[in-house]
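What follows is a set of notes on a single structure, which appears directly below.
What you see is a predicted model; the values in this text were computed from it and never measured.
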Amino acid sequence: MSTLLLGRCVSRPLANHGAMTRLLRPRTLAIVGGRAGAEVIRQCRRIGFAGQLWPVHPRLDQIEGLPVYRSVSELPGAPDAAFVAVNRHTSLEVIHALAARGAGGAVCYASGFAELGVQGSELQAQLRTASDGMPFFGPNCHGFINYFDGVALWPEQQGGTRQTRGVAIVTQSGNIALNLTMQLRGLPIGYVVTLGNQAGIDLAGTIQALLDDERVTAIGLHIEGIGDATAFMHAAAIARRRGIPMVAIMTGRSDLGAELAWSHTASLAGADAVGTAFLRRAGVVRVRSISILIETLKLLALHGPLPGRDIASMSSSGGEASLVADAAGDCGLRLRPLTPTQAQRVAATLPDLATASNPLDYHNFSWGDEAALGAIYAAVMEAGYDLTLLVLDFPRRDRCSDASYQATVSAVIAATRATGARVAVVSTLAETLPEHRSQQLAQAGIAALCGLDDAMAAVAAAAESGELLRAASACTLWAMPTPSGAARSLSEWDAKRRLAACGLKVPAGQLAASVAAAVDAATEIGFPVAVKSVGAAIAHKTDIGALRLGVGDAAAVRAAAIELAPMGEALLVEQMVGDPVAELIVGIKRDPVFGWYLLLGSGGTLVNLVGDSRILTLPASRAEIMAAIRALKVGVLLAGHRGRPVGDIDAAAGAVLIIQDFAFNEQHRLLELEVNPLIVRPAGCGAVAVDALIRITEDQSHE
C-alpha cells in the first residue's frame, strides 16, 4: 500500500477572520479620497446601502451632500470598512491610521506597487506592515460589491442589482469584474470581489470569507495566479464540505522552466495541464471562456452540480435537434434513448407526424397551445434525465413581437413545477434569450442558458462539478521543500538500482566495464539482450544511437559493445522483455506553483509524437492512477485490442505507486524522475521498468 495518504492540508490561518465578515458586510463605511470617493458614495446609494457613509478629505467640506471629516482620527467611530482612494504613498498613512483606529478592513485602490517591480514591491511590503493585520483588498484593486446587502466599495459605474441569493465572483482584474456586472444573461450575482495585488487578502482567504455567507450558491473564479497552493486547496476543501461548487477560468501560467530537454515529462505536461490537474484535485471545474463561466454559474446557482451526464432535449425543429446531438457529443454528454415505456408516454402527447425520441423534434403543430405543449414537456421531464433542455430562441423585441412565445414559456414553467425536474431553456444564439426572459425563467426554477455551444459546455461543467464533489479526493498536497546543492543526474544503472531496491521490477542486467565483460554478461543472462551505453550525461539513448535491442548472440553483442563503449561511462547488458502489451511513460516533477505532479502517458520511442498523457497532482491514489491509464490511447491496447492479450493494468498501477513512494521519500532532494518505458506485460505477468532517469541535488545530508 502506498505510504502517501498524508494528513489534512494545513494552511496559514486567515488573520482576523471575523473582521472579513465585518469588511464584506459593513454598516459603516469610510470613503477616503475625492473623485473616486464620490463615485463610491453614488454607487452605494444606487444599490441601497442602508448604513452610514463617512467621507474623509483634508480640504473638501462636503462630498455628494455629506459632511466631510478631515482625517481618519476625526471619524465618529471605527468604520467597518473603508475605501482608500489616495496616491500610493498617502495610502500607507491612511491604512496605518485605519488599522490603529480599529477599522474592520479596507480596499486600497492605488496602483504603483508590486506590479512595477522591485521598488514597488518594497512599497507594497511597507503597506502590508502598515495594515498591522487589518484585512484589506489590493493594492491596485477596484474593490468589491455586495449585492445582497447593498454595499459598493466600487469607484465607477456597475450594472448589477440587489439579490437575495446568488453567486460570488472573484477576480484579480477590475475590468473583468466590471464587465461581468454588465452581463445581460440573467446571472444572479451576489458578490463581485477584485483582488488586485493580494498584499492583504489573497484568493484563498477571499474564498473562505465568501463561504461564510449562506446566501452564496456557487463561486466563480478568474485566476491569474494561485499564490499559496496549500491555502487554496484548504479553502476548496471547505467549499466541498459545504456543497458549494466552484468553477474557474485560469489564465496564469507557472514556469516549468529548467531543462525541458532533459526529460519528456515537463514538455508533455506543460504548466497549463498541471494547473488543470491541480484544480481537479481541489474539486474546481475549469472552463475555457468568460461566457461559459457565466452559463455554468447560472446552471449551478439554480440546480447545483448535476448528478450525471444524461440529458434530454426538446425542440420544434429537426435542425435544432441535430445541433444539440452534435454539441452534446462534443462535450461528453449522453442523449440517452427513451425506454419503450417512456417513448410510449411521450408519443401519446405528440402530433401525428412527430416521433418520440431523444433529442425530440415535436414540430410546430402545437405552437401557441399551452396545454398541448405542457403535456409534451412533462412527459419528457418524467423520464428522469439529469437535465432536460428546451431549445427556444426569442425574436428581437425592437422589430418583432414575442407575444406568441408566452404559451411556450408558461407551458415549460407549468411542466417543471408539476414534475420537479431539473430544466434549462437553451437558445441557439446568445442574443436570442433576452434578460427579462432569463429572469422570468429563473424565478420559476428554470436555468436560462444563452448560446447552444456555451450552454452545452456549461452543462458538461455542471456534470463534472458533480463528479468532482462525489469523488471526495483527499485534501492533501506534498510538502514543497527546496532542494539544496547543485543538480546532478544518475546513470540509468544507478537510477534503476535505487528504484529496484524499493520493489520496482527491472530487467535482469549487469554493468560491464569492457567489451569482453559485456559478452560474458549476455551469455550469463541469456539471449536476446539489450546492450546500452550508460552514464550520467546520457539521458536519451535512442536520440544518439546508444543502445541495441534484441541482440541475439555473442558475436552480435561484441559488435554492439565495440560501437557503444566510447559513448558513455560503461555498458549495460539487460534481458529483453519479450511479451510487451503496451509501453507507458511515468514521470514525476515539481511545478513551482502547483507542487508535485505525476505524468502518465503512452511511452516508448514515440512518446513525443503521440503526445498522449494524463496529469495527476500528488499524492495520487491507486484508483486515480488506474483511471488515468485507462483513459490513455494506449489504454485500448491494455484492454485487449482485437484479440491481443489484456495488459496487467493492476501491476502497472502498483509500479506507479512504487515510483510515487520513492519520489516522496526523496522529495527533499529530488528534482525530477522519469521511467520510460514501463513495459506492461500480459495480465498476471507484471510490469517492468526498462529505462529510468533521475535528477537530484548533491545534498547528501539525507543519505
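Between Arg288 and Ala457 the shortest heavy-atom distance is NH1-CB, 4.3 Å. Nearest heavy atom pair, residue Ser602 against residue Leu632, reads N-CD1, 4.2 Å. Taking both residues in full, the closest heavy atoms of Ile207 and Met246 are given as CG2-SD, 3.9 Å, listed atom of the first, atom of the second, then distance. Listed here is the closest heavy atom pair of Val675 and Ala689: CG1-CB, 3.7 Å. The two residues Leu299 and Ala458 come nearest to each other via the heavy atoms CD2-O, 3.9 Å. Residues Ala653 and Met626 share a closest heavy-atom pair of CB-SD, 3.5 Å.
The salt bridge (Lys or Arg N to Asp or Glu O under 4.0 Å) check on Glu563 picks up Arg548, with sequence neighbours excluded. A search for side chain to side chain contact (heavy atoms under 4.5 Å, CB included) contacts involving Thr276 returns Arg286, not counting sequence neighbours. Thr617 meets the side-chain hydrogen bond (donor to acceptor under 3.5 Å, both in side chains) test with no other residue; sequence neighbours excluded. Here Arg622 pairs with Asp650 under the salt bridge (Lys or Arg N to Asp or Glu O under 4.0 Å) rule; sequence neighbours left out. Looking at residues two or more places apart in sequence or on another chain, you find a side chain to side chain contact (heavy atoms under 4.5 Å, CB included) between Pro677 and Glu583, Ile679, Val690, Asp691. For Glu666, the side-chain hydrogen bond (donor to acceptor under 3.5 Å, both in side chains) test picks out Arg669, with sequence neighbours left out. Residues forming a side-chain hydrogen bond (donor to acceptor under 3.5 Å, both in side chains) with Ser291 (at least two apart in sequence, or on another chain): Ser289, Asp454. Residues satisfying the salt bridge (Lys or Arg N to Asp or Glu O under 4.0 Å) criterion with Arg128, sequence neighbours excluded, are absent altogether. Here Glu574 pairs with Lys496, Lys532 under the side-chain hydrogen bond (donor to acceptor under 3.5 Å, both in side chains) rule; sequence neighbours left out. Residues that satisfy the salt bridge (Lys or Arg N to Asp or Glu O under 4.0 Å) test with Asp648, not counting sequence neighbours, are absent from this structure.
Residues Asp612 and Lys633 are not paired through a salt bridge, judged by the lack of any N-O separation under 4.0 Å between the basic side chain and the carboxylate. We find that Glu624 and Arg614 are not joined by a salt bridge, their nearest charged nitrogen and carboxylate oxygen being 4.0 Å or further apart. Note on Arg309 versus Glu467: salt bridge recorded, some NZ/NE/NH1/NH2 to OD/OE distance being below 4.0 Å. Looking at Glu672 and Arg590, no side-chain N of the basic residue comes within less than 4.0 Å of a carboxylate O on the acidic one, giving no salt bridge.
Judged by distance alone, the side chain of Thr171 and the main-chain N or O of Ser173 form a donor-acceptor pair under 3.5 Å. A donor-acceptor pair under 3.5 Å is formed between the side chain of Asp386 and the backbone N or O of Asp310. In this structure, the side chain of Gln660 engages the main chain of Ala620 through a donor-acceptor pair within 3.5 Å. The closest donor-acceptor contact from the side chain of Asn197 to the backbone of Ala199 lies at 3.5 Å or more, if one exists at all. The closest donor-acceptor contact from the side chain of Ser465 to the backbone of Pro305 lies at 3.5 Å or more, if one exists at all. Put simply, the side chain of Thr697 never gets that close to the backbone of Ala486: no donor and acceptor are under 3.5 Å apart. In this structure, the side chain of Arg242 engages the main chain of Leu211 through a donor-acceptor pair within 3.5 Å. Although no hydrogens or angles enter the test, the distance criterion places no donor-acceptor pair under 3.5 Å between the side chain of Gln208 and the main chain of Thr206. Of the possible donor and acceptor atoms, none in the side chain of Asp494 sits under 3.5 Å from a partner among the backbone N and O of Leu490.
Taking the side chain as every heavy atom from C-beta outward, Ile696 and Arg498 approach each other to under 4.5 Å. Proximity of Leu195 to Asp202: side-chain heavy atoms (C-beta onward) are nowhere separated by under 4.5 Å. The shortest side-chain heavy-atom distance between Val167 and Val216 does not fall under the 4.5 Å cut-off. In this structure, the side chains of Leu203 and Leu221 come closer than 4.5 Å at one or more pairs of heavy atoms. At a threshold of 4.5 Å between non-hydrogen side-chain atoms, the residues Ile649 and Arg630 count as touching. Between Val634 and Leu584, some side-chain heavy-atom pair lies under the 4.5 Å cut-off. Side-chain contact between Leu678 and Ile585 is absent, with no heavy atoms from C-beta onward closer than 4.5 Å. Contact annotation: the side chain of Val284 approaches that of Phe232 to within less than 4.5 Å [non-hydrogen atoms, C-beta and beyond].
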Take Val247 and Ile219 through the test side-chain contact (heavy atoms from CB on, under 4.5 Å) and record every step on the way to the result.
CA-CA 7 Å; Val247 57; Ile219 296 177; over 6 Å; no

Show, in sequence, the C-alpha distance, side-chain angles and deciding distance for Leu511 and Leu571, and conclude whether the side-chain contact (heavy atoms from CB on, under 4.5 Å) test is met.
CA-CA 6 Å; Leu511 197 64; Leu571 295 167; over 6 Å; no

Using side-chain contact (heavy atoms from CB on, under 4.5 Å), reason through Leu673 and Ile659 one step at a time and then give a plain yes or no.
CA-CA 9 Å; Leu673 184 162; Ile659 294 168; 3.5 Å; yes

Determine, stepwise, if the pair Ile223 / Thr251 fulfils side-chain contact (heavy atoms from CB on, under 4.5 Å).
CA-CA 6 Å; Ile223 302 173; Thr251 57; over 6 Å; no

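Between Leu670 atom CG and Ile588 atom CD1 the span is 7.5 Å, to the nearest 0.5 Å. Taken to the nearest 0.5 Å, the CG atom of Leu279 stands 5.5 Å off from the CD1 atom of Ile226. To the nearest 0.5 Å, the span separating SG on Cys502 from CG on Asn665 amounts to 7.0 Å.
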Expected list for residues 520-528: side-chain donor-acceptor pairs under 3.5 angstrom, two or more places apart:
from	atom 1	to	atom 2	distance (Å)
Thr523	OG1	Val519	O	2.9
Glu524	OE1	Gln510	NE2	3.2
Glu524	OE2	Gln510	NE2	3.4

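Applying the side chain to side chain donor-acceptor pair (under 3.5 Å) definition to pairs two or more places apart or across chains, none involves residues 634-645.
Results of the side-chain contact (heavy atoms from CB on, under 4.5 Å) test with Leu616 over Ile625, Leu599, Val274 single out Ile625 as the only residue that passes.
When ring centroids are compared, Phe278 and Tyr597 stay outside the 6.0 Å threshold.
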